[in-house]
Amino acid sequence: MSHIVELLEKLGSDATLRHGSAEELAQAVAKAQIDAAVGAAIIARSTTTLHTLLRQEPLFHVQMAPLGEESENYDFIPKEGAVPGRELK
Amino acid sequence: MSTPPSTGSLACVGIGITLGSHISPLARSYIEQADVVFAGVADGVVELWLQRMHPDVRSLQPLYAHGKERGQTYREMVDVMLAEVRAGKRVCGVFYGHPGVFAQAPHKAIEQARLEGFPARMEPGISSEDCLYADVGIDPGTRGCQHYEATQFMMYRRNIDPSAWLILWQIGLAGDLTTRRFATGSAYREVLLDVLARDYPLDHEVIVYRAAALPIESPRIERMPLSQLPQADLTMSDTLAIPPARRMEIDQEVRARLAQLDESLPTV
């Protein structure tokens, strides 16, 4: 599993690979020594197959509920000095 | 390098949208130096990635549930993070995108930690909005850009400016007043269509946008007439971008005043 995540991180952070050709992607997969089916899913750019093989899925990630005037945060506008928290060291 | 002893602190960091592409060196450092990491991210694979950076990553995902009010979920997110801060831990809350954009729990957690005297700060991340500008080729400076949460936009009469861009976030949940659903459907978007039709012609071209979460993906950039919005296949990750529909209106009075100033003041 760690090789797969390592490869995905590389694909995300390497300027050649992020928007590279299918050939460049296949070469990176071949070097990564990962399961053939996972490699094929990556080369096919199939998120659905990759999720299935890794037993993962998109997560519910909405971080905000619509705020109405009844919400406790509705009128919150931060003011300078209003929250005197210390800075992290 | 040694890490200083823990006294209880909170950092909420953004790791951007695309795995591997957007995380900042500072966000990674907060993650690696934390005692405990809480993860509010958009994909299970991203959680696996975080687990490579830290041995104690706790997903916030179990706090969501169908039928559960999301406000309660966000309060619980604050509670679990603050409990560890109070226990003297260096806590890092990791959120997809930017932790302060369309995100209630990070703001609230930082506010609460500071009220209790703990050091707390937010580190920005690359948001979906940033990706939108890059992928679609929008510069908000050219015509202006308005952003609303889709349901709130429907709940109130807003004075929108159709000569600027209008971006509606969380469009897949548009109209959910209960905040207990994970999606709404075409009937809700019919209502939204009626709201938008006050200012836009039905044949006006709009864009459904979704940034790439994994580096094997491409962004979704799907153009359609506004009238097709109710039938569009939308998820919680989609955003509606509405291009300007009118020319900007010239304010002759202000222009005249500015010209008068130019004439009366010495040239720099």
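We use all heavy atoms of the structure for the numbers below, so side chains are in, but hydrogens, waters and symmetry mates are not. Numbered from 1 within each chain, the chains take letters A, B, ... in sequence-line order.
- Listed for the B:Lys89 side chain is no donor-acceptor partner under 3.5 Å among the backbone atoms of B:Ala34.
- Just one residue in the list B:Cys12, B:Pro124, B:Pro106 forms a side-chain contact (heavy atoms from CB on, under 4.5 Å) with B:His98, and that residue is B:Pro124.
- Here B:Arg28 pairs with A:Glu9 in a salt bridge; the nearest charged N to carboxylate O distance falls below 4.0 Å.
- Considering CG of B:Leu10 and CD1 of B:Ile110, their distance stands at 5.5 Å, rounded to 0.5 Å.
- The part of A:Leu50 that comes within reach of chain B is its side chain, from C-beta onward, which places non-hydrogen atoms under 4.5 angstrom from that chain.
- Neither the backbone nor the side chain of A:His19 comes within less than 4.5 Å of any heavy atom in chain B.
- Contact count versus chain B (heavy atoms, under 4.5 Å) is highest, among A:Pro58, A:Ala44, A:Ala41, for A:Pro58.
- Using a 4.5 Å cut-off between heavy atoms, B:Phe102 touches chain A through backbone and side chain atoms alike.
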For this session: Begin with the C-alpha distance, continue with both residues' side-chain angles, and end with the deciding distance and a verdict on side-chain hydrogen bond (donor to acceptor under 3.5 Å, both in side chains) for B:Thr73 and B:Glu76.
Result: CA-CA 5 Å; B:Thr73 294; B:Glu76 290 173 6; 5.3 Å; no
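- Using a 4.5 Å cut-off between heavy atoms, B:Met154 makes no contact with chain A at all.
- Looking at B:Leu173, the atoms closer than 4.5 Å to chain A (heavy atoms on both sides) all sit in the side chain, from C-beta outward.
- Heavy atoms closer than 4.5 Å to chain A are found nowhere in B:Glu116, neither backbone nor side chain.
- Both the backbone and the side chain of B:Phe182 come within contact range of chain A, judged by heavy atoms closer than 4.5 Å.
- Residues B:Glu69 and B:Thr178 are not in side-chain contact: their nearest non-hydrogen atoms beyond the backbone lie 4.5 Å or more apart.
- Chain A forms more heavy-atom pairs under 4.5 Å with one residue of B:Ala103, B:Gly40, B:Ser59 than with any other, namely B:Ala103.
- The candidate with the highest count of non-hydrogen atom pairs below 4.5 Å against chain B, out of A:Val62, A:Leu54, A:Leu11, A:Val5, is A:Val62.
- Contacts between B:Gln170 and chain A at a heavy-atom distance below 4.5 Å involve the side chain alone, from C-beta outward.
- Here B:Arg210 does not pair with B:Glu222 in a salt bridge; the nearest charged N to carboxylate O distance is not below 4.0 Å.
- Residue B:Val101: no heavy atom, backbone or side chain, is found under 4.5 Å from chain A.
- Only the side chain of B:Phe95 has a heavy atom closer than 4.5 Å to any heavy atom of chain A.
- Of the N and O atoms on the side chains of B:Glu217 and A:Thr47, at least one donor lies less than 3.5 Å from an acceptor on the other residue.
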